[in-house]
Amino acid sequence: MVKFSIEKKTILGRLGKIDSWGPVDVSHATPSCMTYLRAGHIPHLTWDVAENQLKLSQTPIYQMTLPSLISNAKTIEKFGKGVAKFVGMGALVSPAIHLSPFDPLGKLPNGYNDSKSIAIWTANGKVSLDVKTYRNTVNSFGCGSFETLVDYDLPRDAGHKKLLKAVDRTTTFNEQIFKQDEKIAGERIVALGGGFSKYHRRKCAVDIGLAENTAAYTVEFHEFVEGMETDEKEMKELLEETFSPLPPTKLRCISGPFNPKTVLFLVQQGIDLFDSSFAIKLAEEGHAFCLADDYPTSSKYEVVDFKDQEKFADDFTPVFDGCGCYTCTKYTKGYLQHLLNTKELLASILLVIHNMSEYDRMFKLIRKSLENSEGL
């Protein structure tokens, strides 16, 4: 089970705790984020580097993303020991793992889902994922939880007919994957869609969110991530329509590269668990970020482009003053710029370590702010 409890409600968000994830006992305070994995690893880090140099504030819950592993699904099934051991996580002590059919940093173009499958996108192109294939994958991967399939193909200009068809498909996918005569391993994290329509958000929540044995919810929100034009009023209304008919005590998740300002807003709307893909996205762009000194009283943060040769070539100061991560205590701005300019692999490693550390610190600051806030 996913054992989650809300310890405090405030006007700024919910303070909670996850005590178990599937068969794994954890002690994971929320708001927080899952640790995003691609091909079964934190991008650009070996497990040895992650264990020794990435000092996170609490035991991770890992987000295993399917697109980078779907081509190995048959091999993993024949391997017979689960995806964690297949990708080399065996040295970790009982890792808590969630399986997501999507990569939050991957593309999701419109026009490729149909009544029998959803499209996921790999390095080699589109893969149509039907319910039977996904059920087999969930069972062979052996993760503590898995996300249900959702028809995400709902652009802003989608009409009522398309919206209704997408919600019906999502409902059908859920009914098919939980057939009584078919076994499926892991706790179910129900994915809720509905696009930009408040009516269809609520309909999807009512149609599939009230099912028994639902461990948690995740909101399909890929149109609102970093780089997209977003409207906080619209996001607030869509989330209210999604969650209002559902049990308020369930864990609420959301996936995607959300910046610190958006994270703070989403926490205020009751989201408990995010993922760390924003930190990876910035690192892969040659960027690092740092929170303002008064975060989260303010939502400000700074993003620095270390590809700027003229600015950092002769700068031998720490990457960020006051940051205690491995990158900032061992390396300088000028050296990091040099690594990026010469395309050294170490550049991405150092940027990932810093950004992951700062993203983790962000949630720690948010939790502290909620602890000090007046309860409702």
Please determine whether a side-chain nitrogen of the Lys or Arg among [X] and [Y] lies less than 4.0 Å from a carboxylate oxygen of the Asp or Glu.
| X | Y | value |
| --- | --- | --- |
| Lys132 | Asp130 | no |
| Glu237 | Lys198 | yes |
| Lys261 | Glu232 | yes |
| Glu371 | Lys368 | no |
| Asp153 | Lys162 | yes |

Any chance you could measure [X], atom [atom1], to [Y], atom [atom2], to the nearest 0.5 Å?
| X | Y | atom1 | atom2 | answer |
| --- | --- | --- | --- | --- |
| Thr148 | Glu220 | OG1 | CD | 11.0 Å |
| Leu264 | Tyr301 | CG | OH | 11.5 Å |
| Leu238 | Glu223 | CG | CD | 11.5 Å |
| Lys126 | Tyr112 | NZ | OH | 8.0 Å |

Review point. Just by distance, do the side chain of Ser369 and the backbone of Leu365 share a donor-acceptor pair under 3.5 Å?
Key: no

Review point. Would a distance-only check, ignoring hydrogens and angles, find a side-chain to backbone donor-acceptor pair under 3.5 Å from Gln63 to Thr65?
Key: no

Check your understanding: Can you check whether Phe102 and Tyr152 have ring centres sitting under 6.0 Å from each other?
Key -> yes

Exercise for review: Please check if the distance between the ring centroids of Phe258 and Tyr359 is under 6.0 Å.
Suggested key: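 Not under 6.0 Å, so no.
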
Point to revise | Connected via hydrophobic side-chain network under 4.5 Å: Val263 and Val303 | key: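 Yes.
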
Point to revise | Option from Arg202, Arg201, Lys203 for which salt bridge (charged side-chain N to carboxylate O under 4.0 Å, His left out) with Glu241 holds | key: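 Of Arg202, Arg201, Lys203, salt bridge (charged side-chain N to carboxylate O under 4.0 Å, His left out) with Glu241 is met by Arg202 alone.
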
Check your understanding: Between the side chains of Thr317 and Lys333, is a donor N or O closer than 3.5 angstrom to an acceptor N or O?
Key -> yes

Point to revise | Considering all heavy atoms, the nearest Met356-Thr35 contact | key: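 Nearest pair, atom of Met356 first, then Thr35: CE-CG2, 3.8 Å.
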
